[in-house]
Enquirer: 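Attaching a single structure in structure tokens format; questions to follow.
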Amino acid sequence: MQDSILVTGGAGFIGSNFVLGWMGLSASRVINLDLLTYAGNAENLSLLDGNARHQLVRGDICDAELVGSLLRTHQPRAIVHFAAESHVDRSIVAPEAFLRTNVHGTFVLLEQARRYWSELSEPDQRAFRFLHVSTDEVYGSLGPQDAAFSETTAYAPNSPYAASKAASDHMARAYHHTFGLPVLTTNCSNNYGPFQFPEKLIPLVILNALEWKPLPVYGDGMNVRDWLFVEDHCAAIRAVLERGRAGETYNIGGMSERANIDVVRAICDIVDEMRPQPEGGSRRDLITYVKDRPGHDRRYAIDAAKIARELGWKPAEGFESGLRKTVAWYLEHPGWVERVRTGAYLEWINSNYTERVAL
Ligand code: NAD
Ligand code: DAU
């Protein structure tokens, strides 16, 4: 094996944050396999232009030949698998791509990894890791008084996205159990931070607030998510990769449960402060309750005791400070924003929000 890792989906939101962080902390090479779908953006990695330790390969995780040849050529010591279709609303409108990438793509990666790994020397086999990045959505929805999701909570995925991620988790588990492939799975709560594609709640609301556009809140706005700053997620993944026990799953959460309406109000207040209107006026007046997401999970919360106990990880960023950093990042990167809000993005915004009339 060489001192390199294969990252999939490393031009997306979490993947690009992970790759940028990894390159600053480690001397190993990164082979970054990304299809550059609407959600992938090579510009996120522009700080690495000319850096010979990073290689972006535009390609599909469903392409077994490509994946096999990357593994044989670069002999990585680990695979960190982020690539996925990740937006719940899109999975409701067009689920097929989710099955293709999240289920079949993960299977292709596991199978190619197994073939590569089975040819390694025994010490290299022991050192190798396949880290499968998954979500808390596989556990379904919590009531207000329910205990947070732990690693032993039964799977109950409710959206096509969540079901596709659950299927991929099961396949990852099976490859460890059946073949001994050193697989680790992480199930994480909602991330936010720089480079998030503005189809997701936090960046969408920041950008709409900045432009004095309506802020669409689904249903009654009381759905709860457990928010985690993306850099904390990346630190957790590094901890699992370095010290996690093969075959185990680790839940990762922000200990920051918030109702959507409170998140949206907090963003309004920060944007008002950072970009005040000379005549006054509050962005809170832009809040518009709209038709709910079908099957909308009510509450997610993560019990991250296992990763804290076994690996010593806990989030470093508080929600309020992380949100301020995130708003500031979007305000400071108007060029990035302008370039991502083009063709495919506008099409999605038009189709998703036109039929979601104000309640
Ligand atoms: P994202 O949509 O921002 O990025 C996904 C990346 O995968 C993109 O760069 C895209 O081009 C790439 N990709 C998609 N299909 C591909 C294919 N067939 N082959 C190769 N590359 C492909 O997603 P994200 O929010 O960064 O999420 C990354 C991972 O983390 C996903 O597996 C997601 O399920 C998981 N996750 C996300 C969150 C969150 O809050 N965003 C929370 C928990 C877990
Ligand atoms: O929990 C982890 C998951 O978090 C990840 O696995 C997913 O990849 C990621 O997209 C995210 O899923 P959510 O559906 O929770 O994220 P989203 O930002 O789409 O929505 C957050 C909440 O805000 C959710 O309750 C729906 C609501 N919402 C969303 C949008 C886009 C609105 O009220 N209005 C909106 O316009």
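Ligands are counted one by one from 1 in listed order, and the atoms in each one are counted from 1 as well. Both backbone and side-chain heavy atoms feed into the values below; hydrogens, waters and symmetry mates do not.
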Enquirer: Report yes if some heavy atom in the side chain of Asn260 is under 4.5 Å from a heavy atom in the side chain of Tyr218; otherwise report no.
Expert: no
Enquirer: Looking only at protein heavy atoms, identify the closest one to atom 44 (C) of ligand 1 and say how far it is in Å.
Expert: Ser134 O, 3.1 Å
Enquirer: Taking the ring centre of each residue, are Tyr38 and Tyr345 less than 6.0 Å apart?
Expert: no
Enquirer: Hey, is ligand 1 close enough to Ile61 that some N/O pair sits below 3.5 Å?
Expert: yes
Enquirer: Is there a heavy atom in Gly59 that sits closer than 4.0 Å to ligand 1?
Expert: yes
Enquirer: Heavy atom under 4.0 Å from ligand 1: found in Ser189's side chain, backbone, both, or neither?
Expert: backbone
Enquirer: Looking only at protein heavy atoms, identify the closest one to atom 29 (C) of ligand 2 and say how far it is in Å.
Expert: Tyr218 CE1, 3.6 Å
Enquirer: Just going by heavy-atom distances, which of Lys200, His87, Arg293 is nearest to atom 14 (O) of ligand 2?
Expert: Arg293
Enquirer: Do ligand 2 and Ser86 have nitrogen or oxygen atoms that lie under 3.5 Å from each other?
Expert: yes
Enquirer: For atom 2 (O) of ligand 1, what is the nearest protein heavy atom, given as residue, atom name and distance?
Expert: Ser86 OG, 2.7 Å
Enquirer: Once side chain to side chain donor-acceptor pair (under 3.5 Å) is applied, do any residues pair with Arg293, and if so which ones, sequence neighbours excluded?
Expert: Asp89
Enquirer: Glu320: which residues meet the side chain to side chain donor-acceptor pair (under 3.5 Å) condition with it, sequence neighbours left out?
Expert: Arg258
Enquirer: Quick test: of every protein heavy atom, which one is nearest to atom 4 (O) of ligand 2, and how far off is it to 0.1 Å?
Expert: Asn190 ND2, 3.1 Å
Enquirer: So does Glu122 pair up with Arg126, basic N to acidic O under 4.0 Å?
Expert: yes
Enquirer: Using distance alone, determine whether Glu199 and ligand 2 share an N or O pair under 3.5 Å.
Expert: no
Enquirer: Please list the nearest protein heavy atom to atom 36 (O) of ligand 2 with its residue and the distance rounded to 0.1 Å.
Expert: Tyr353 OH, 2.6 Å
Enquirer: Which value, rounded to the nearest 0.5 Å, describes the distance between Leu142 atom CG and Phe149 atom CZ?
Expert: 3.5 Å
Enquirer: So if you build clusters from Ile, Leu, Val, Met, Phe, Trp, Tyr with side-chain heavy-atom gaps below 4.5 Å, do Phe229 and Tyr330 land together?
Expert: yes
Enquirer: Among Ala83, Ala39, Ala84, which one has a heavy atom closest to atom 5 (C) of ligand 1?
Expert: Ala84
Enquirer: Which residue and non-hydrogen atom of the protein lie closest to atom 25 (O) of ligand 1, and at what distance in Å?
Expert: Phe13 CD2, 3.7 Å
Enquirer: Counting only heavy atoms, which portion of His233 has something under 4.0 Å from ligand 1: side chain, backbone, both, or neither?
Expert: neither
Enquirer: Out of curiosity, is Asp34 lining ligand 1, as in a heavy atom under 4.0 Å away?
Expert: yes
Enquirer: Give the numbers and elements of all ligand 1 atoms closer than 4.0 Å to a heavy atom of Asp60.
Expert: 17 (C), 18 (N), 19 (N)
